[in-house]
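A quick write-up on the structure given underneath.
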Amino acid sequence: SGWVLVSSTLPTDYWKVSTIDGTVITTATFWANLWKTCVTDSTGVSNCKDFPSMLALDGYIQACRGLMISAVCLGFFGAIFGLIGMKCTKVGGSDQTKAKIACLAGLIFILSGLCSMTSCSLYANRITSEFFDPSFVAQKYELGAALFIGWAGASLCIIGGSIFCFSIAENSNSARRGYAYNGAASVMSSRTKVHNSVPDKTPPKHFDKNAYV
């Protein structure tokens with residue numbers, strides 16, 4: 001689920017949003033993501049402009065693109081290793097090998113979540129720093145819905161990866177206990193044990209001095 005949320009964050013439009021309000025209705029809505037910036041008027045018509053060459057982009061946008069693409073790729077490989085490491089699948093070898101594969105999948109998911117978390121946090125930090133900067137005179141934006149989706153997906157990836165990592169510890173603690181086999185007892189020895197185990201219930205005989213008279 002975390003990987004699906006992270007993957008859906010990358011093409012989402014509203015990474016940052018800003019509105020111009022009139023007396024009654026919103027006259028225009030400005031929004032942007034990692035690929036383009038757009039404006040939507042009150043009639044619902046959007047005009048978009050793609051970002052220029054990648055070499056002409058700001059450094060934080062390039063970093064966010066790279067981190068998000070890395071998060072999606074890592075999550076894909078983590079999902080594959082996670083399926084192989086599950087006990088319900090027939091590939092992967094023994095249970096110990098599957099536990100190691102599942103632990104590897106957990107580490108990959110954690111890296112994917114960290115990449116997504118870093119990307120969304122870096123983008124949000126740029127938005128907040130420009131919003132609270134009094135000397136910034138350009139259009140100011142607020143946090144968009146895509147950032148919250150990215151944070152939720154990153155959190156799920158980190159939590160799921162941690163659960164996968166605990167599988168190797170669980171497998172090592174659930175080792176089978178050995179039982180000693182003493183061999184089958186013979187018939188005579190079993191009868192002897194039964195005879196010795198049954199107490200003698202015959203009352204004791206007491207003889208006094210007149211018994212033989």
Side-chain angles (χ1 to χ4, degrees), residues 1-19 29-40 46 48-51 54 57-89 91-92 98-132 139-171:
S1 300
W3 175 61
V4 170
L5 290 178
V6 170
S7 300
S8 63
T9 304
L10 189 59
T12 303
D13 294 331
Y14 296 99
W15 278 66
K16 60 181 181 180
V17 61
S18 179
T19 59
T29 301
F30 296 87
W31 51 272
N33 56 13
L34 298 179
W35 315 101
K36 59 186 177 181
T37 178
C38 301
V39 58
T40 304
S46 298
C48 297
K49 178 183 178 182
D50 294 334
F51 287 144
M54 186 178 65
L57 286 177
D58 294 333
Y60 78 99
I61 295 182
Q62 295 183 11
C64 291
R65 282 183 179 182
L67 288 172
M68 289 303 298
I69 293 174
S70 300
V72 173
C73 294
L74 288 172
F76 174 76
F77 289 109
I80 293 177
F81 284 116
L83 290 175
I84 296 175
M86 288 183 178
K87 293 183 179 181
C88 58
T89 58
V91 294
K98 281 181 171 291
K100 293 179 180 179
I101 296 175
C103 182
L104 177 61
L107 293 176
I108 295 175
F109 271 122
I110 291 175
L111 289 177
S112 176
L114 291 176
C115 289
S116 178
M117 185 77 71
T118 305
S119 176
C120 295
S121 300
L122 180 62
Y123 200 91
N125 179 67
R126 183 60 179 262
I127 295 173
T128 54
S129 61
E130 290 179 353
F131 186 86
F132 293 106
Q139 181 71 32
K140 293 185 178 181
Y141 291 88
E142 297 180 1
L143 302 180
L147 297 178
F148 298 99
I149 297 175
W151 281 325
S155 301
L156 289 178
C157 284
I158 294 174
I159 294 173
S162 301
I163 295 174
F164 268 117
C165 289
F166 283 121
S167 62
I168 189 171
E170 180 183 357
N171 185 74

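Everything quoted here is computed from the prediction, not taken from an experiment.
Judged as a side chain to side chain donor-acceptor pair (under 3.5 Å), and not counting sequence neighbours, the contacts of S46 are T40. In this structure, F77 has no ring-ring contact (aromatic ring centres under 6.0 Å, His included) partners at least two apart in sequence or on a different chain. With sequence neighbours left out, the side chain to side chain contact (heavy atoms under 4.5 Å, CB included) criterion links F51 to T37, L57, I61, R65. By the side chain to side chain contact (heavy atoms under 4.5 Å, CB included) test, E130 is found to be paired with R126, F136, residues two or more places apart in sequence or in another chain being considered. Applying the side chain to side chain contact (heavy atoms under 4.5 Å, CB included) test to C48 and every residue at least two apart in sequence or in another chain returns W31, K36, C38.
The backbone N or O of W35 sits less than 3.5 Å from a side-chain atom of N33, completing a donor-acceptor pair. A donor-acceptor contact shorter than 3.5 Å is absent between the side chain of W15 and the backbone of L34.
Atom CZ of F81 has 12 or fewer neighbouring heavy atoms from other residues, nucleotides or ligands inside a 6.0 Å radius. Enclosure of atom CZ in F76 is not indicated, since only 12 or fewer non-hydrogen atoms of other residues, nucleotides or ligands lie within 6.0 angstrom.
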Next item on the list: Take Y141 and F131 through the ring pair (Phe, Tyr, Trp, His ring centres under 6.0 Å) test and state the conclusion after the steps.
Entry: CA-CA 7 Å; Y141 291 88; F131 186 86; over 10 Å; no
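Contact record, K140 with S18: O-OG, 2.9 Å, taken as the closest heavy-atom pair.
Taking CG of L67 as the start and CG of L10 as the end, the distance is 11.5 Å to the nearest 0.5 Å. Remark: Y123 OH to K16 NZ distance equals 4.5 Å, nearest 0.5 Å. Going from atom OG of S116 over to atom CE of M68 covers 4.0 Å, rounded to the nearest 0.5 Å.
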For residues 143-165, which side-chain N or O atoms pair as donor and acceptor with protein atoms under 3.5 Å away, sequence neighbours left out?
| unit_1 | atom_1 | unit_2 | atom_2 | d |
| --- | --- | --- | --- | --- |
| W151 | NE1 | S121 | OG | 3.3 |
| S155 | OG | W151 | O | 2.9 |
| S162 | OG | I158 | O | 2.8 |

Please list every donor-acceptor pair under 3.5 Å in which a side-chain atom of residues 100-113 meets a protein atom from a residue at least two apart or in another chain.
| unit_1 | atom_1 | unit_2 | atom_2 | d |
| --- | --- | --- | --- | --- |
| S112 | OG | A71 | O | 2.7 |

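Each salt bridge (charged side-chain N to carboxylate O under 4.0 Å, His left out) pair with one or both residues in residues 110-119, not counting sequence neighbours, would appear here, but there are none. Annotation: salt bridge (charged side-chain N to carboxylate O under 4.0 Å, His left out) contacts involving residues 156-166, sequence neighbours excluded, are absent.
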